[in-house]
Amino acid sequence: MPKKKQVVRREWTKEDIKDLKAHSKARTPVVKIAKMTKRTEGALRQKAIVLGIGLGHQR
């Protein structure tokens, strides 16, 4: 059986959240944010929903 990839969860620091909000205001594409933060698009979108902010272009 192929081994499943280990899921590594990283906590969101206050700094991470501040950056995410800044990117939301600047309307940075989610793909770009994902590369910079080394987080998945899904993780970013989820956090944005929790924070109640928009991400990417669809507002």
Side-chain angles (χ1 to χ4, degrees):
M1 247 167 67
K3 269 188 76 166
K4 270 186 73 175
K5 193 167 180 245
Q6 188 64 38
V7 177
V8 180
R9 290 179 181 267
R10 278 198 294 135
E11 288 299 311
W12 284 84
T13 63
K14 285 201 164 62
E15 199 61 35
D16 290 338
I17 292 166
K18 206 170 76 185
D19 288 346
L20 192 64
K21 285 181 176 174
H23 284 303
S24 171
K25 271 200 172 62
R27 297 190 175 199
T28 316
V30 183
V31 183
K32 218 176 198 165
I33 307 170
K35 281 200 177 79
M36 287 189 291
T37 57
K38 292 188 172 66
R39 290 180 189 270
T40 63
E41 288 178 48
L44 294 168
R45 289 188 195 281
Q46 272 309 122
K47 193 62 180 177
I49 290 166
V50 171
L51 295 172
I53 59 175
L55 266 193
H57 60 279
Q58 68 280 53
R59 299 273 156 132

Undergrad: Going by side-chain contact (heavy atoms from CB on, under 4.5 Å), name the residues that satisfy it together with Lys32, two or more places apart in sequence or in a different chain.
TA: Thr28, Pro29
Undergrad: Taking atom CZ of Arg39 and atom CD1 of Ile33, what is their separation to the nearest 0.5 Å?
TA: 12.0 Å
Undergrad: Would you say Leu44 ends up clustered with Met36 if hydrophobic residues are merged whenever their side chains have heavy atoms under 4.5 Å apart, either directly or through other cluster members?
TA: no
Undergrad: Quick test of your reading of the model: are Asp16 and Arg10 salt-bridged, counting only N-O distances below 4.0 Å?
TA: no
Undergrad: How long is the span from the NE2 atom in His23 to the NZ atom in Lys18, to the nearest 0.5 Å?
TA: 12.0 Å
Undergrad: By salt bridge (charged side-chain N to carboxylate O under 4.0 Å, His left out), which residues pair with Asp19, not counting sequence neighbours?
TA: none
Undergrad: Using 0.5 Å steps for rounding, measure from the CG atom of Leu55 to the CD atom of Glu41.
TA: 10.0 Å
Undergrad: Go through the steps for Ile49 and Gln46 under the test side-chain contact (heavy atoms from CB on, under 4.5 Å), then give the verdict.
TA: CA-CA 5 Å; Ile49 290 166; Gln46 272 309 122; 4.2 Å; yes
Undergrad: Checking Ile53 now: which residues fulfil side-chain contact (heavy atoms from CB on, under 4.5 Å) with it, not counting sequence neighbours?
TA: Leu20, Lys21, Ser24, Ala48, Leu51
